[in-house]
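Below you'll find the structure, written out as structure tokens, and then a few comments.
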Amino acid sequence: MVQAKVWILTKHFDGFPKHSDLVLKVEELPEPKDGEVLLEAVFLSVDPYMRPFSKAFMQEGDVMIGSQVAKVIQSKNPAFPVGSHVVSSCGWRSHSISDGKQLIPIMSEWPEGVPLSLALGAIGMPGLTAVYGLEEVLQLKKGETLLVNAAAGAVGSLVGQIAKIKGCKVVGSAGTDAKVAFLKELGFDVAFNYKTVSSLEEELKKAAPDGYDCFFENVGGPSSVIAMQQMKDFGRIAVCGTISTYNDGVPQTGPYPHQIMIFKQLKMEGFLQSQWEHKHPETLKRLAAWVKEGKLKCQEHVTKGFENMPAAFMGMLKGENTGKAIVAV
């Protein structure tokens with residue numbers, strides 16, 4: 001019998017998450033049955049989506065949602081031999097039993113020397129989100145100008161780099177000077193600290209006097225409406241996230257972008273990467289190749305210890321991470 005540590009959502013988050021909203025429990029796992037495997041978490045992901053998804057799709061008493069890279073430590077399923085690694089969406093668990101149906105094996109072409117944690121980052125969900133937002137939603141073209149906010153995060157940092165691979169001008173905003181320096185190291189054409197500029201409107205105009213063809217939206221709120229005012233006519237906006245609103249106790253009201261969208265004839269589309277699941281295998285191979293070739297630089301913010309899952313989650317929501325936030329068990 002294996003003892004599994006599990007983080008339980010005891011109370012729905014009200015405003016910013018609190019340590020008291022989550023509790024660590026221990027449960028006994030049975031021996032795997034025929035067709036099942038026993039998994040041990042190696043790396044766990046903490047992501048912004050967990051905050052709104054927990055309210056929309058979880059009940060109090062559920063295991064906190066999330067993905068992990070796990071190692072198969074017992075197997076009665078020939079598709080997943082002992083010692084192999086998979087991506088599992090079993091939530092915040094140190095160990096779990098799976099019938100294999102929802103497991104994603106780490107690709108056989110995994111680049112040598114690349115940490116498996118990137119299966120939760122550049123060669124995983126954030127990478128897929130960046131590619132599909134740029135290619136499927138924005139249909140970004142060579143020579144266009146792209147704006148991305150929360151640009152030093154797991155998705156934003158990849159969005160900017162992929163746009164540069166595609167021959168575009170990239171402008172990124174972030175919340176600290178250190179993050180701005182990171183974006184410049186990644187090759188962003190312009191990067192600025194939105195917290196310290198005297199005027200966001202003027203900074204956006206200075207960065208791209210002719211306006212923006214595309215806007216990869218991760219933040220939401222009033223600053224995004226200011227960004228929309230700098231779009232070119234017929235500009236395209238991919239709405240990936242609205243992290244500035246996730247912890248609001250009272251929903252934000254206005255300003256409203258409808259008139260801007262009408263006059264500029266903008267196209268705005270929300271999306272989830274799962275819409276293009278049929279393309280995942282090919283897209284992950286492309287992402288892995290970019291990483292191997294050095295075209296995608298991947299920075300991780302690593303918290304050690306399964307017991308520190310809540311602290312890592314809250315730190316990520318505060319913007320403490322540069323790049324992908326993960327927990328190493």
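Note: hydrogens, waters and symmetry copies are ignored here, and every other heavy atom, side chains too, is used.
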Is there a side-chain contact between [X] and [Y], using heavy atoms and a 4.5 Å cut-off?
X	Y	result
L24	V6	no
I73	V82	no
L118	V291	yes
W276	V137	yes
H280	Y132	yes
L186	S157	yes
V63	W7	no
K25	V23	yes

How close do [X] and [Y] get, heavy atom to heavy atom, and via which atoms?
X	Y	result
L120	P126	O-CD, 3.2 Å
L284	G124	CD2-N, 3.9 Å
G156	V148	CA-CG2, 4.0 Å
S173	Y194	CB-CB, 4.5 Å
M231	F215	SD-CB, 3.7 Å
L138	A238	CD2-N, 3.4 Å

Notebook entry, point to check: salt bridge (charged side-chain N to carboxylate O under 4.0 Å, His left out): which pairs involve residues 146-167, sequence neighbours left out?
Noted result: E135-K166, K164-D189
Check: Tell me the salt bridge (charged side-chain N to carboxylate O under 4.0 Å, His left out) pairs involving residues 316-329, sequence neighbours left out?
Finding: D47-K324
Just by distance, with hydrogens left out, do [X] and [Y] show a side-chain donor and acceptor under 3.5 Å apart?
X	Y	answer
S117	E300	yes
T129	Q273	no
E28	Q3	yes

[X] (side chain) donor-acceptor with [Y] (main chain) under 3.5 angstrom:
X	Y	value
E217	G220	yes
R93	C90	yes
E185	F182	no

Drop me the distance from [X]'s [atom1] to [Y]'s [atom2], to the nearest 0.5 angstrom.
X	Y	atom1	atom2	result
S94	L39	OG	CG	11.0 Å
E109	I123	CD	CD1	11.0 Å
D233	L266	CG	CG	8.0 Å
L128	L272	CG	CG	12.5 Å
L317	F13	CG	CZ	8.5 Å

Next item on the list: Give a yes or no on whether the ring-centroid distance for W92 and F313 is below 6.0 angstrom.
Entry: yes
Note to self: Check for me whether the distance between the ring centres of F43 and H85 falls short of 6.0 Å.
What the structure shows: no
May I ask you to check whether over 12 heavy atoms, not counting those of [X], lie within 6.0 Å of atom [atom1]?
X	atom1	value
Q59	CD	no
K295	NZ	no
D14	CG	no
K76	NZ	yes
H258	NE2	no
K264	NZ	yes

Notebook entry, point to check: Is the F53 ring parallel, tilted or perpendicular to the Y49 ring (thresholds 30°, 60°)?
Noted result: perpendicular
Check: With under 30° as parallel and over 60° as perpendicular, where do the rings of F216 and F271 fit, or are they tilted in between?
Finding: perpendicular
Checklist line | Single-linkage hydrophobic cluster W110~L296, side-chain heavy atoms < 4.5 angstrom | finding: yes
Check: Do F263 and M261 share a hydrophobic cluster, counting only Ile, Leu, Val, Met, Phe, Trp and Tyr and linking them when any side-chain heavy atoms are less than 4.5 Å apart?
Finding: no
Check: When R236 is tested against each of Q139, E144, E269 for side-chain hydrogen bond (donor to acceptor under 3.5 Å, both in side chains), which residue passes?
Finding: E144
Hey, is [X] close enough to [Y] for a salt bridge, meaning N to O under 4.0 Å?
X	Y	result
E202	K206	no
E136	K279	yes
K5	E307	no

Note to self: Between L204 and I226, is the side chain to side chain contact (heavy atoms under 4.5 Å, CB included) condition met? List the steps.
What the structure shows: CA-CA 9 Å; L204 290 169; I226 295 172; 4.3 Å; yes
Next item on the list: Dump the intermediate steps for side chain to side chain contact (heavy atoms under 4.5 Å, CB included) on L22 and L9, then the final yes or no.
Entry: CA-CA 5 Å; L22 296 154; L9 180 71; 4.1 Å; yes
Next item on the list: Output all residues satisfying side chain to side chain donor-acceptor pair (under 3.5 Å) with N77, sequence neighbours left out; order by chain, then residue number.
Entry: none
Checklist line | Residue pair W290, V131: steps toward the side chain to side chain contact (heavy atoms under 4.5 Å, CB included) verdict | finding: CA-CA 12 Å; W290 283 334; V131 169; 4.2 Å; yes
Next item on the list: Walk me through it: do T245 and Q252 pass the test side chain to side chain donor-acceptor pair (under 3.5 Å)?
Entry: CA-CA 7 Å; T245 69; Q252 295 182 21; 5.6 Å; no
Note to self: Apply side chain to side chain contact (heavy atoms under 4.5 Å, CB included) to residues T303 and I326 and explain how you reach the verdict.
What the structure shows: CA-CA 6 Å; T303 301; I326 61 167; over 6 Å; no
Note to self: Walk me through whether E112 and K292 qualify under salt bridge (Lys or Arg N to Asp or Glu O under 4.0 Å).
What the structure shows: CA-CA 8 Å; E112 186 177 351; K292 185 177 180 179; over 6 Å; no
